[in-house]
2 protein chains.
Amino acid sequence: MNLESSPLITALQASGHRITRQRRVVLEVLEESREHLDAESLYWKARQRAPRISLATVYRTVAVLKQMGLIAEYSLGEEHGHFEAVPETPHYHFTCLGCGRVVEFDAPQVDRAVQELAERENLEIRAVQFSLTGYCARCRAGGPDGR
Amino acid sequence: MNLESSPLITALQASGHRITRQRRVVLEVLEESREHLDAESLYWKARQRAPRISLATVYRTVAVLKQMGLIAEYSLGEEHGHFEAVPETPHYHFTCLGCGRVVEFDAPQVDRAVQELAERENLEIRAVQFSLTGYCARCRAGGPDGR
DNA sequence: TTGTAAATGAGAATCATTCGCAAAAAACAA
DNA sequence: TTGTTTTTTGCGAATGATTCTCATTTACAA
């Protein structure tokens with residue numbers, strides 16, 4: 001069994017949390033995934049490696065990680081949350097109301113604006129939520145979904 | 001009884017929706033309020049003028065308005081949504097995790113970034129969600145709530 | 001005024017998320 | 001190792017926000 005420490009594991013451990021099989025698995029899934037997973041899919045993927053894990057544990061784990069700033073939660077236009085390991089460089093999301101596709105983009109101007117605001121108002125920013133919804137080029141043109 | 005048409009009423013009517021007493025009241029409350037109301041408080045305020053209105057109708061009304069782009073829904077760090085009539089000039093929110101205060105601010109840089117992105121990628125942007133959470137100056141200094 | 005499609009009220013249903021508690025597992029000390 | 005302590009887990013029940021169902025009412029065009 002792999003006992004290497006991933007960045008997330010190391011950080012968790014350093015903050016005094018216990019490293020359980022369940023947490024290890026959830027973190028692995030989060031690190032390996034390139035998509036934005038919601039709690040349910042995180043749960044099903046985790047179950048492949050830790051069959052007895054419960055949905056509550058998934059929620060508890062992401063809550064801890066979120067509080068530590070290691071992962072971010074997004075709404076992405078749906079009614080339930082999606083999670084993602086916090087990336088090196090911040091990026092944001094556009095969700096198409098037509099086809100549901102999620103496109104990531106970066107926006108240095110926004111990063112700068114946040115930093116300036118924080119300095120000017122003396123704020124400690126913990127999370128930035130910047131997401132756009134609308135219709136993508138394909139759907140505007142009367143795409144596959146025939147909006 | 002006031003039969004004048006507010007901007008929201010006019011827009012609703014123009015789009016082919018019926019103007020009911022309940023909708024009129026919900027719209028009035030939304031227009032008069034300077035705060036970000038959640039469905040529950042919208043419901044209680046509306047009941048003062050239309051005592052038999054139901055919570056479901058409040059939800060249905062904001063759903064229609066939201067879809068028409070007349071009001072915006074925000075998370076504001078809580079688990080339920082908050083609503084606000086869409087303002088002339090866009091503005092955004094900072095929610096303090098310490099004292100819960102919500103501060104509005106504008107960010108022309110962000111507006112510009114959105115516009116540029118939309119043009120470059122040929123997107124039709126319907127909603128912009130930009131909100132920050134963290135600790136305000138007062139709470140960082142060990143404010144009233146004693147974080 | 002009347003006919004009809006749209007909107008409402010009431011409560012049940014749904015869905016995501018959290019809670020409570022006894023049992024299991026980690027961390028730590030001996 | 002082994003025992004002790006404390007955290008975490010699993011399970012199912014509870015919660016809270018939002019949506020749905022459906023019989024009844026209402027707006028509004030003719």
Side-chain angles (χ1 to χ4, degrees), chain A residues 1 3 5 8-10 12-29 36-44 46-68 71-83, chain B residues 1-3 5 8-29 36-44 46-68 71-83:
Chain A
M1 193 188 306
L3 293 177
S5 287
L8 292 185
I9 294 272
T10 309
L12 245 199
Q13 204 157 30
S15 68
H17 290 91
R18 294 186 176 175
I19 304 307
T20 63
R21 171 152 185 59
Q22 293 85 331
R23 282 181 175 165
R24 197 186 295 274
V25 166
V26 170
L27 302 203
E28 281 171 11
V29 172
H36 311 90
L37 301 172
D38 56 20
E40 198 73 22
S41 26
L42 210 39
Y43 171 58
W44 287 107
R47 282 195 65 162
Q48 297 173 4
R49 303 187 197 170
R52 293 186 53 74
I53 196 174
S54 73
L55 186 53
T57 293
V58 170
Y59 274 106
R60 284 186 284 233
T61 303
V62 296
V64 169
L65 293 173
K66 202 169 60 174
Q67 188 180 291
M68 294 180 60
I71 65 174
E73 178 171 7
Y74 306 108
S75 296
L76 300 184
E78 306 199 16
E79 55 306 313
H80 57 274
H82 289 74
F83 305 92
Chain B
M1 192 191 308
N2 178 21
L3 295 176
S5 286
L8 292 185
I9 293 273
T10 308
L12 245 200
Q13 206 156 32
S15 68
H17 289 92
R18 295 185 177 175
I19 304 307
T20 63
R21 171 153 185 58
Q22 293 86 333
R23 283 181 174 167
R24 196 186 297 277
V25 166
V26 170
L27 301 203
E28 281 171 12
V29 171
H36 311 91
L37 300 172
D38 56 21
E40 200 72 25
S41 28
L42 208 41
Y43 170 59
W44 287 107
R47 283 195 64 161
Q48 297 173 5
R49 303 188 197 170
R52 293 185 52 73
I53 196 173
S54 75
L55 186 53
T57 294
V58 170
Y59 274 105
R60 285 186 282 234
T61 303
V62 297
V64 169
L65 293 173
K66 201 169 61 174
Q67 187 179 294
M68 294 181 59
I71 66 174
E73 178 171 7
Y74 306 108
S75 296
L76 301 183
E78 305 199 19
E79 55 305 312
H80 56 275
H82 289 74
F83 305 92

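Heavy-atom basis, side chains included; hydrogens, waters and symmetry copies ignored. Note on naming: letters A, B, ... go to the chains in the order of the sequence lines (proteins, then strands), and numbering restarts at 1 for each one.
- For DNA chain D, the span of nucleotides reached by chain A at under 4.0 Å from its heavy atoms goes, 5' to 3', from D:dT6 to D:dC11.
- To the nearest 0.5 Å, atoms CD (A:E78) and CG (A:L76) are separated by 7.0 Å.
- Rounded to whole Å, atom P of C:dT17 lies 11 Å from atom CG of A:L42.
- Atom CD in B:E78 sits roughly 21 Å away from atom P in C:dA16 (whole-Å rounding).
- Ranked by how close their nearest DNA chain D nucleotide is to the 5' end, A:T61 and B:I19 are led by A:T61.
- From B:L42, atom CG reaches atom CD1 of B:I53 across 8.0 Å, with rounding to the nearest 0.5 Å.
- Note on B:R18: a base of the nucleic acid sits closer than 4.0 angstrom, heavy atoms only.
- For the pair B:R52 and C:dA10, the criterion of a side-chain N or O lying under 4.0 Å from OP1 or OP2 is met.
- Residue A:Q22 places none of its side-chain N or O atoms closer than 4.0 Å to OP1 or OP2 of C:dA24.
- Going from atom CD of A:E79 over to atom C1' of C:dA13 covers 16 Å, rounded to whole Å.
- If you take CG on A:L8 and CD1 on A:I19, they are separated by 10.0 Å, rounding to the nearest 0.5 Å.
- Residue A:Y59 forms a side chain to side chain contact (heavy atoms under 4.5 Å, CB included) with just one option from A:T61, A:T57, A:L55, and that option is A:L55.
- B:R21 CZ to B:R52 CZ: the interatomic distance, rounded to the nearest 0.5 Å, is 12.5 Å.
- Interatomic distance, A:F83 CZ to A:L65 CG, rounded to the nearest 0.5 Å: 10.0 Å.
- If you check every strand for non-hydrogen atoms under 4.0 Å, B:R60 touches a base.
- Rounded to the nearest 0.5 Å, atoms OG (A:S41) and NE2 (A:H82) are 6.5 Å apart.
- Summary of the strand contacts: A:I53 and B:Y59 both lie near DNA chain D, and taking for each the nucleotide with the nearest heavy atom, the more 5' one is attributed to A:I53.
- For A:T20, no side-chain nitrogen or oxygen approaches OP1 or OP2 of C:dA25 to under 4.0 Å.
- The distance between atom CD of A:E40 and atom C1' of C:dT18, rounded to the nearest whole Å, is 15 Å.
- In this structure, the NE2 atom of B:H17 is 10 Å from the P atom of C:dA6, given to the nearest Å.
- Rounded to whole angstrom, the span from the CZ atom of A:R21 across to the C1' atom of C:dA27 amounts to 19 Å.
- Rounded to 10 degrees, the angle separating the terminal axes of the helix from C:dT1-D:dA30 to C:dA30-D:dT1 is 40°, with each axis obtained from five end pairs.
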Residues B:H17, B:M68; criterion side-chain contact (heavy atoms from CB on, under 4.5 Å); working and verdict: CA-CA 11 Å; B:H17 289 92; B:M68 294 181 59; 4.1 Å; yes
A:W44 and A:E40: CA distance, side-chain angles, deciding distance, side-chain contact (heavy atoms from CB on, under 4.5 Å) verdict: CA-CA 6 Å; A:W44 287 107; A:E40 198 73 22; 3.5 Å; yes
